[in-house]
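Everything quoted here is computed from the prediction, not taken from an experiment.
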Amino acid sequence: MNSKRTMYVVLVTMVATLGGLLFGYDTAVISGAEGSLQTYFADSLNLSPLIHGLTVSSALIGCIIGGLISGFFANRVGRKFTLIIAAVLFLLSALGSAYPEFLFFEAGDPSVALLIVFNIYRIIGGIGVGLASAVAPMYIGEMAPPNIRGRLVSLNQFAIIFGQFVVYFVNWGIARGQTAEWVDALGWRYMFASEAIPAALFLLFMFMVPETPRYLVSKNRDDKAMKILSRIYDQTMAKATFYEINQSFDKSKEKLFAYGKLIIIVGILLSVFQQFVGINVALYYAPRIFESMGAARDASLFQTIIMGAVNLIFTAIAIMTVDKFGRKPLLIIGSIGMTIGMFGVSALAFTGTIGISTLVFIIIYTASFMMSWGPVVWVLLSEIFPNKIRGQALAIAVAAQWAANYFISSTYPAMIEFSGGLTYGFYGLMSILSALFVWKFVPETKGKTLEEIEMGLKKVK
């Protein structure tokens with residue numbers, strides 16, 4: 001590829017990764033607002049910790065829904081228009097979560113009904129996250145040449161982490177210097193409203209990028225597909241790639257399990273393990289974890305910024321190595337690091353030791369995740385499913401991922417109240433099992449076209 005074609009693919013990828021940025025922004029904005037939401041709703045209404053846990057993780061219900069319907073929309077209206085729908089949902093959720101009283105309630109008067117409406121807006125944003133989480137890596141994977149596909153899909157994870165990093169900084173900036181009473185009454189609203197800015201930009205820029213050639217071929221729009229391929233490859237390679245894509249669709253419609261059940265199960269388990277290792281506990285509840293170490297509210301928010309910077313650095317390492325070392329080695333190395341980090345936190349929790357050592361083990365854990373299971377799972381999910389079933393299969397895998405995320409996040413408050421040591425020990429055990437699973441069942445896809453990966457699945461079917 002010459003530099004002009006590479007730049008075109010990178011620019012298109014950068015637009016799609018705004019979906020990842022909003023994915024990260026929306027899922028992490030709750031970390032700064034979580035304590036205030038407890039004060040504003042749960043404490044004032046005498047609601048249980050379980051209700052608060054469900055509120056904190058309510059967006060994940062939408063994520064599950066968005067994941068389940070992503071395949072339908074990606075196949076019916078296309079990858080591009082599905083991301084446009086996601087952008088609209090992000091925008092609506094940001095404004096509604098910031099001011100759930102709109103039209104029907106009086107501001108400053110919390111009630112159970114208002115809490116339900118707030119959760120509905122969070123679920124709407126979650127549907128956007130579910131759509132974007134499945135379709136953004138699918139879009140990038142279908143646009144990218146095989147030699148840089150891993151790096152480009154990994155950019156989506158970098159955007160997710162960058163979105164989380166930005167919102168940590170935004171949350172800290174909003175709360176810094178303010179009284180706890182102001183943050184609990186108004187500050188959390190500004191945190192949610194801030195998401196409207198990147199959501200509006202995502203909506204605008206998505207109208208400027210093309211549909212993927214693989215989707216266009218599936219709809220018999222061959223001329224448009226060839227035109228886009230010619231912008232990505234030279235003429236000879238564009239024709240060869242078009243022929244491969246065409247051949248992969250040139251048969252009767254195949255069922256979901258046409259390539260065997262194993263590849264679907266592998267996709268689901270990749271998604272489930274990505275959540276059962278406990279990463280989103282560290283993301284959603286980070287300020288509270290640091291507060292339990294003795295940090296004040298604004299100091300705990302600042303420490304999440306440190307975590308965010310570490311996450312960005314190690315995600316960048318994954319981007320630079322995923323097309324060199326391969327997918328499997330990174331996943332296994334990451335699992336080992338996560339095991340060390342979580343068992344370290346678990347041991348400290350059992351002994352009652354709280355301090356800088358806890359922060360060190362949390363950073364070891366999150367750094368290991370960000371250089372492996374964070375980006376690489378999305379790369380594999382965008383690669384391992386054949387063209388004809390990619391939308392369906394990816395929807396199932398992503399829905400399973402969000403269901404696992406919801407289970408882990410909503411049960412964390414009750415689990416940590418029972419035993420911090422056992423809770424973190426459970427996540428450490430899942431990290432061990434994730435390494436064994438990758439070693440035994442996950443295929444290596446480095447350097448292969450999507451169609452070559454598909455042919456490999458046919459041989460082992």
Side-chain angles (χ1 to χ4, degrees), residues 24-63 90 92-102 104-126 128-129 164 167-176 178-196 280-292 295-301 304 405-406 408-417:
Y25 203 107
D26 192 88
T27 55
V29 69
I30 198 72
S31 68
E34 179 261 329
S36 296
L37 290 175
Q38 178 169 351
T39 301
Y40 193 80
F41 286 112
D43 292 348
S44 65
L45 300 172
N46 294 315
L47 302 176
S48 69
L50 178 61
I51 296 298
H52 176 60
L54 293 173
T55 297
V56 170
S57 52
S58 62
L60 300 180
I61 297 173
C63 294
F90 283 129
L92 179 61
S93 175
L95 299 176
S97 299
Y99 191 66
E101 293 92 345
F102 181 67
F104 302 108
F105 300 93
E106 185 176 341
D109 185 19
S111 64
V112 172
L114 181 64
L115 179 61
I116 292 171
V117 171
F118 171 81
N119 281 317
I120 289 172
Y121 280 116
R122 290 293 293 153
I123 289 170
I124 288 171
V129 171
Q164 292 167 346
V167 79
Y168 287 153
F169 206 92
V170 169
N171 287 346
W172 174 69
I174 289 170
R176 184 171 179 263
Q178 301 290 344
T179 64
E181 290 75 18
W182 183 87
V183 175
D184 291 341
L186 291 174
W188 63 271
R189 297 178 185 274
Y190 290 110
M191 294 175 187
F192 287 111
S194 64
E195 187 180 347
N280 282 306
V281 165
L283 298 180
Y284 299 153
Y285 293 97
R288 178 161 292 200
I289 291 170
F290 291 128
E291 280 183 49
S292 73
R297 172 75 70 87
D298 60 347
S300 70
L301 289 172
T304 62
N405 188 334
Y406 182 73
I408 292 295
S409 301
S410 61
T411 56
Y412 174 76
M415 287 176 66
I416 203 71
E417 195 170 300

Could you check if a side-chain atom of [X] sits within less than 4.5 angstrom of a side-chain atom of [Y], using non-hydrogen atoms only?
X    : Y    : result
N405 : C63  : no
I30  : L37  : yes
E101 : L114 : yes
R122 : V29  : yes

For [X] and [Y], which heavy atoms make the closest approach, and how far apart are they?
X    : Y    : result
V117 : P100 : CG1-O, 3.6 Å
V112 : L45  : N-CD1, 3.8 Å
D184 : Y40  : O-CD1, 3.5 Å
L95  : A196 : CD2-CB, 4.0 Å
S194 : Y25  : OG-OH, 2.5 Å
I51  : L47  : CG2-CD1, 3.9 Å

Evaluate the ring planes of F192 and F118, with Trp represented by its six-membered ring, and classify them as parallel (under 30°), tilted (30 to 60°) or perpendicular (over 60°).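 Because their plane-to-plane angle is over 60°, the rings of F192 and F118 count as perpendicular.
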
To the nearest 0.5 Å, tell me how far [X] [atom1] sits from [Y] [atom2].
X    : Y    : atom1 : atom2 : value
S97  : W188 : OG    : CH2   : 8.5 Å
I123 : I116 : CD1   : CD1   : 10.5 Å
L115 : I120 : CG    : CD1   : 10.0 Å
L186 : I174 : CG    : CD1   : 11.0 Å

Please collect all salt bridge (Lys or Arg N to Asp or Glu O under 4.0 Å) contacts where either partner lies in residues 45-62, sequence neighbours excluded, each pair once. none

